[in-house]
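Just below is one structure, and these are the notes that go with it.
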Amino acid sequence: MELRRRMALVVVTVAATPLVLGGCTVERKPPARPAEREVPSPELTLTPADRSRNVPLSAEVAVHVKGGTITAVRIADDNGMLVRAQPREDGSAWVPTVPLQPQRTYTAEVIATGDSGGTATRTTTFTTMPTSTKPQVTSTLYFADKQTYGTAMPVTLAFDPPIAKAARADVQRRLFVTTNPPQPGVWSWVDDGSQVYYRAPDFWRPGTTISVRAGLQGLPIGRNRVGDVDRTATSTIGRQVAIEVDNATKQMRVLRDGKLIRRIPVSLGKPSTPTSSGKMVIMEKHQRTTFDTRGEPNGGYVVNVQDAQRLTWGGEFIHGAPWSVSDQGHRNVSHGCTNVSAAAADWLMGVTQVGDLVTFTGTEVRLQPGNGWTAWNTSWDQFVKGSALPVPPALRPAPTPVPHADAVGAGSPTSGFSVSGG
């Protein structure tokens, strides 16, 4: 009995001893830190793909980033020279400001910063194609540099041959317009693809600066053609002038800033050669020119005229016609032109600008789309249907105020080139 009691005491003592020793001699370890969280980097993809060859001269550096934003883009040629480029509005690509050179190698480096602070850098190197031997599409930009235009001036591009529907989106992506102050607009194609117009929902505000670039050089257009050259221009919008011609009264109303400044008697096209009704834009102004209609169905004459302003490709002009002064304000005797007196024509030349709106009403025929710069001869809803790319739904005309008696009309309003008139 005594032996068992002593053994129990030994067991308890041995069991208790380590607890006491451990508390006095073992070092305390600091508490473990939580594992550091890895900051994710954004996912970044570039086009053209690395080591691509035969890249078109119209190439852009397309960027797709997931989980971050682009913070730096650097493009250089094979001599180390930097290539200037501007981002598209949606940030989807950087567009060189001039065409790339044939058979040259370019390197693009793009840096993106992730939403959580991580960064990613990607580089792509690509080589452009030789100068194309394919036939070119000839483009003509009807928006010259360093000019002053009227408030209805559309930016107009013409193409020969016309652009097929399947290629219009690719062409339209390479057409750039910037305005200061900002007044965004839309490109719209005529049905046959021979012309494309750019305008805003409302007339340009006087004083607006418009810069245009048609970056078409080397652009593949369809399977068998390429764009011809890059075209650029920057010009300004001048004062607001509009002309209204009513066949019922045979009168022209000239308005500046919405206020009537003069009425002018007119003689329009006779029934066999009627003037078109619709919204036109002054396209050219000539102090002197010659109408030669020999070889045309309703022509056969040659006449010299003064103070002529073109309205259509088909040959409708406003011009001085001293031979029809007795008819002006009473009856139509012209071959489709708007006849005014010599004095009135001279006065108009000092008031109007290329790009001013001219509206005709009450004649026997309607203005045909593409016969002149017909961007305003349609509603905004109809105009945007001609775009080959999506149109922002918020881009709408401003509400039209109720016009007073002398106000300009509502704000939303080819055949081959001809020198005819009359």
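Taking 4.5 Å as the limit, every side-chain heavy atom of P130 sits out of range of all side-chain heavy atoms of P102. In this structure, V190 and V196 have side chains that are not in contact, with every pair of non-hydrogen atoms separated by 4.5 Å or more. In this structure, the side chains of R104 and N79 come closer than 4.5 Å at one or more pairs of heavy atoms.
Considering CG of N371 and CD of Q195, their distance stands at 9.0 Å, rounded to 0.5 Å. Atom CG of D50 and atom OG1 of T123 lie 8.0 Å apart (nearest 0.5 Å). In this structure, M252 CE and R263 CZ are separated by 12.5 Å, a value rounded to the nearest 0.5 Å. Of the inter-residue distances, the one linking T121 atom OG1 with I111 atom CD1 reads 4.5 Å to the nearest 0.5 angstrom. Atom CZ of R231 and atom CG of L216 lie 8.5 Å apart (nearest 0.5 Å).
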Indicate every side-chain donor-acceptor pair of residues 352-367 with a distance under 3.5 Å to a residue at least two apart or in another chain.
residue, atom, partner, partner atom, Å
T352, OG1, K285, NZ, 3.2
T352, OG1, Q309, OE1, 2.7
T352, OG1, Q309, NE2, 3.4
T352, OG1, L348, O, 3.1
Q353, NE2, R239, O, 3.0
Q353, NE2, D356, OD1, 3.1
D356, OD2, Q353, N, 2.6
T363, OG1, T275, O, 2.7
T363, OG1, S277, N, 3.1
T363, OG1, S277, OG, 2.5
T363, OG1, V365, O, 3.3

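Put simply, the residue from T234, D230, T232 that forms a side chain to side chain donor-acceptor pair (under 3.5 Å) with R213 is D230. The only member of F159, W313, Y149 that meets ring pair (Phe, Tyr, Trp, His ring centres under 6.0 Å) when paired with Y142 is W313. Checked against K250 for a side chain to side chain contact (heavy atoms under 4.5 Å, CB included), the options N332, D327, V245 give a single hit: N332.
Formation of a donor-acceptor pair under 3.5 Å by the T127 side chain with backbone atoms of T105 is not found in this model. The backbone N or O of T338 lies less than 3.5 Å from no partner atom in the side chain of E316, so there is not a single donor-acceptor pair.
Checked against the 6.0 Å centroid criterion, the rings of F143 and Y198 do not qualify as a close aromatic pair. Ring-centre distance between Y197 and F383: not below the 6.0 Å cut-off. In this structure, the ring of H335 has its center no less than 6.0 angstrom from the ring center of F291.
Ring geometry for Y106 against F126 counts as parallel: the plane angle stays under 30°, on a 0 to 90° scale with 60° as the upper cut.
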| said: Checking R396 against D381 for the salt bridge (charged side-chain N to carboxylate O under 4.0 Å, His left out) test, could you report, in this order, the C-alpha distance in whole Å, the side-chain angles of both residues, the deciding distance, and whether it holds? | reply: CA-CA 9 Å; R396 304 286 303 171; D381 288 342; 2.5 Å; yes
| said: Between Q328 and S324, does the side chain to side chain donor-acceptor pair (under 3.5 Å) criterion hold? Intermediate values first, please. | reply: CA-CA 6 Å; Q328 293 165 20; S324 69; 3.0 Å; yes
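Annotation for K134: atom NZ counts as buried by contact number, over 12 foreign heavy atoms lying within 6.0 Å.
Sorted by first then second residue, the side chain to side chain donor-acceptor pair (under 3.5 Å) pairs that include residues 81-97, not counting sequence neighbours, are E60-R88, D90-S92. Residue pairs meeting the side chain to side chain donor-acceptor pair (under 3.5 Å) criterion with at least one partner in residues 217-226, sequence neighbours excluded, do not occur; the list is empty.
Side-chain N/O atoms of S334 and N339 include no donor and acceptor closer than 3.5 Å. Side-chain contact annotation: S188 with S387, donor-acceptor N/O pair under 3.5 Å absent.
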